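Report on the following structure.
Counting from 1, the numbers follow the sequence of the chain as shown. Just the heavy atoms: all of them, side chains too, but no hydrogens, waters or symmetry mates, feed the values below. A quick note: this is a predicted structure, and the numbers were derived from the prediction, not measured.
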Amino acid sequence: MTPTTETMVGIGGAAESTDMVLNIGPQHPSTHGVLRLKLVLDGERITRAEPVIGYMHRGAEKLFEARDYRQIIVLANRHDWLSAFSNELGVVLAVERMLGMEVPERAVWTRTLLAELNRVLNHLMFLGSYPLELGGITPVFYAFREREILQNVMEEVSGGRMHYMFNRVGGLKEDLPAGWTARAREAVAAVRSRMDVFDDLVLGNEIFRGRTRGVGVLTPQAVHAYGVSGPIARASGVDFDLRRDEPYLAYGELRDVLKVVTREDGDCLARFECLLEQTHNALDLADACLDRIAELPPGPINQRLPKVLKAPEGHTYAWTENPLGINGYYLVSKGEKTPYRLKLRSASYNNIQALTELLPGTLVADMVAILGSMFFVVGDIDK
């Protein structure tokens, strides 16, 4: 084999006989934050790719050990800042399981409703930002308009627009405001009525389809090897969704409404289609939750807790189907008011590793299309 040399450059050319190492990021706009990609190029083709992470690492898992079970919720909802409510859920479910605590039915259904509204908020961001990266600026304006409608109802119920801090061990912070369910139903209907923007304007666009069809194909074998989950895994034909396969909250009673969206192609287009169809289904699930909440008799929304909350000695693992994939918390308790260890398994951390397999062999021009279709949040990678 002929020995080669590597030349580190910025944006520019190099001698024909050398491989070029190109740094994308960590401030490049296509990387959604401070993710750095180290690419080795042979001409215009990528021969090797290495995601370089850690620029946003804040030591969340170590901070968990210095906070009590009420305080860790505020730390846990920040790593994926587009899925704050879902992030909180895993923590409280783990602690409740350790305590053997039953949560009031009203809290269970309200949690399910808010988790699905949070899922729509998350997906709308990517449904708007992904076409933007491929040159289509219009969809992101529509996406933010629909997000604002749902943000308003989430803000009314929790007081927060991004970091809701509404979950509590044993239930929720407080009951829903008077008339809120009617306003939430109107918001869901308004967003659903405008989703054709993404069905027609984006998916019907031949340039968008040309840039994404057959590009960045992720095989089911790679999905299993890297622990990829969520809509990215299902777009490669891996039919797995915790809401159906290991139900939590009220998903066991929503089997008739819940639809696990899959595709077989595993390319950028399939990933976008999965995300879009899953958004439609999340709106249906939200309506089903609102119907059920309307039927419930008045009752408590949380459990009364002792002034100092201590989990019994032991360990447990609670995982949830977050908007971007599997989010898990491994909780180890020594019987104190703070966790001995709380390990976070985030979706984006695993999903982004697949880039080492996806990018080699593709063109630099397709790199942004592939990167955007991985639907990741940098804070979810670095934790």
*Gap between atom CD of E336 and atom OH of Y69 - 0.5 Å precision*: 9.0 Å

*Between the main-chain N or O of I326 and the side-chain N or O of R345, is there a donor-acceptor pair closer than 3.5 Å?*
yes

*Closest heavy-atom contact between G90 and A318?*
O-CB, 3.7 Å

*Pick from E277, E321, E264: which one makes a salt bridge (Lys or Arg N to Asp or Glu O under 4.0 Å) with R234?*
E321

*Answer yes or no: is there an ion pair linking R36 with E50, defined by an N-O contact shorter than 4.0 Å?*
no

*Side-chain contact, heavy-atom cut-off 4.5 Å: H315 with L331?*
no

_Can you tell me how the ring of Y130 sits relative to the ring of F272, calling it parallel under 30°, perpendicular over 60° and tilted otherwise?_
tilted

*Can you find a heavy atom in the side chain of L344 that is under 4.5 Å from one in the side chain of N327?*
yes

*How many angstroms lie between atom NZ of K383 and atom CG of L63, to the nearest 0.5 angstrom?*
13.5 Å

*Decide whether V197 and L127 are clustered together by the hydrophobic rule: side chain heavy atoms of Ile, Leu, Val, Met, Phe, Trp, Tyr closer than 4.5 Å, transitively.*
yes

*Do you know which two heavy atoms are closest between L93 and R111, and how far apart they sit?*
CD2-NH1, 4.0 Å

*Just how far is it from atom CG of L124 to atom CG of L150, taken to the nearest 0.5 Å?*
6.5 Å

*Path from V153 to M195 over hydrophobic side-chain contacts below 4.5 Å*: yes

_If we count only N and O atoms by modelled type, under 3.5 Å, do the side chains of N122 and S83 hold a donor and an acceptor together?_
yes

*Output yes when a side-chain donor or acceptor of R168 lies under 3.5 Å from a complementary backbone atom of M165, and no otherwise.*
yes

*From CA spacing to verdict: side-chain contact (heavy atoms from CB on, under 4.5 Å), E96, Q303*: CA-CA 11 Å; E96 287 160 5; Q303 295 274 30; over 6 Å; no

_Y340 atom OH: more than 12 heavy-atom contacts under 6.0 Å_ = no

*Report, as yes or no, whether the 6.0 Å neighbourhood of atom CZ on F240 holds more than 12 heavy atoms from other residues, nucleotides or ligands.*
yes

_Min side-chain heavy-atom separation L121-L117 under 4.5 Å_ = no

*Does the distance from a Lys or Arg side-chain N to an Asp or Glu carboxylate O, for K310 and D68, drop under 4.0 Å?*
no

*Could you grab the distance from atom CD of E88 to atom CG of N118, nearest 0.5 Å is fine?*
8.5 Å

_L39 and R48: CA distance, side-chain angles, deciding distance, side-chain contact (heavy atoms from CB on, under 4.5 Å) verdict_ = CA-CA 6 Å; L39 306 178; R48 193 165 75 245; over 6 Å; no

*Flag the pair V228 / Q353 as yes when at least one side-chain heavy-atom distance between them is below 4.5 Å, and no otherwise.*
no

*So, do P247 and L242 sit near enough that their side-chain heavy atoms are less than 4.5 Å apart?*
no

*Backbone N or O of R58 within a donor-acceptor pair of the D382 side chain at under 3.5 Å?*
no

_For the aromatic rings, using the six-membered ring if either is Trp, is the centroid distance between Y248 and Y251 under 6.0 Å?_
yes

_Give me the atom names and distance for the closest heavy-atom approach of L371 to F376._
O-CE2, 3.5 Å

*Hey, is the main chain of V257 close enough, under 3.5 Å, to the side chain of N281 for a donor-acceptor pair?*
yes

*Given R45 and D366, is the salt bridge (charged side-chain N to carboxylate O under 4.0 Å, His left out) satisfied, shown in steps?*
CA-CA 10 Å; R45 201 164 293 279; D366 290 330; over 6 Å; no

_Side chains of V377 and F126 in contact at under 4.5 Å (non-hydrogen atoms)_ = yes

*Hey, are D291 and R185 close enough for a salt bridge, meaning a charged N less than 4.0 Å from a carboxylate O?*
yes

May I have the list of side-chain donor-acceptor pairs in residues 207-218 shorter than 3.5 Å, sequence neighbours left out?
residue, atom, partner, partner atom, Å
R209, NH1, L203, O, 2.8
R211, NH2, A365, O, 3.2
T212, OG1, F208, O, 2.8

*Measuring from L254:CG to W109:CH2, what's the distance to the nearest 0.5 Å?*
4.0 Å

*For the hydrophobic clusters of this structure (ILVMFWY residues joined by side-chain heavy atoms under 4.5 Å, transitively), does one cluster hold both I137 and M125?*
yes

*Heavy atoms of other groups near Y142 OH, more than 12 under 6.0 Å*: no

_Whether the side chain of T112 engages the backbone of A250 through a donor-acceptor N/O pair (distance < 3.5 Å, no angle test) should be reported._
yes

*Indicate yes or no: does D284 engage K259 in a salt bridge with an N to O separation below 4.0 Å.*
no

*Nearest heavy atoms of V202 and P139, plus distance in Å*: CG2-CG, 3.6 Å

_Can you confirm whether V140 sits close enough to P131 that some side-chain heavy atom of one is under 4.5 Å from a side-chain heavy atom of the other?_
no

*Take M98 and S333 through the side-chain contact (heavy atoms from CB on, under 4.5 Å) test and state the conclusion after the steps.*
CA-CA 9 Å; M98 291 282 281; S333 171; 3.5 Å; yes

*Can you name the closest pair of heavy atoms from P220 and S236 and give their distance?*
CG-O, 3.3 Å

_Modelled atom types, side-chain donor and acceptor of R78 and N87, under 3.5 Å_ = no

_Does atom NZ (K343) have a neighbourhood of more than 12 heavy atoms from anything else shown, all under 6.0 Å?_
yes

*Verify side-chain contact (heavy atoms from CB on, under 4.5 Å) between N77 and Y164, making sure each step is shown before the conclusion.*
CA-CA 8 Å; N77 69 13; Y164 305 110; 5.8 Å; no

*Are L363 and V368 grouped together when hydrophobic residues (ILVMFWY) are joined by side-chain heavy atoms under 4.5 angstrom apart?*
no

_Can you confirm whether D256 is buried at CG, in the sense that more than 12 heavy atoms of other residues, nucleotides or ligands lie under 6.0 Å from that atom?_
no

_Grouping I, L, V, M, F, W and Y whenever their side-chain heavy atoms are under 4.5 Å apart, do V261 and V238 come out in a common cluster?_
no

_Looking at H163, I want to see if its NE2 is surrounded by more than 12 non-hydrogen atoms of other residues, nucleotides or ligands under 6.0 Å._
yes

*Quick one: sort the H79 and Y329 rings into parallel, tilted or perpendicular, breaks at 30° and 60°.*
perpendicular

*Short N-O contact, R263 and D265, less than 4.0 angstrom*: no

*No-hydrogen, no-angle side-chain donor-acceptor test under 3.5 Å, D80 and N322*: no

*asked:* Exactly one of H280, Q278, R147 should register a side-chain hydrogen bond (donor to acceptor under 3.5 Å, both in side chains) with H123. Which one does?
replied: Q278

_Electrostatic pair E148-R145, nearest N-O below 4.0 angstrom_ = no

*Looking just at side-chain N and O atoms, do E357 and Y226 make a donor-acceptor pair shorter than 3.5 Å?*
yes

*Can you tell me if R271 uses its side chain to pair, donor with acceptor, with the backbone of G266 under 3.5 Å?*
yes

*Non-hydrogen atoms of N350 and S346 that approach each other most closely*: OD1-O, 3.7 Å

_Residue pair R119 / L285, side-chain heavy-atom distance below 4.5 Å_ = no

_Just verifying a value: how many Å separate F375 CZ and L82 CG, rounded to the nearest 0.5 Å?_
12.5 Å

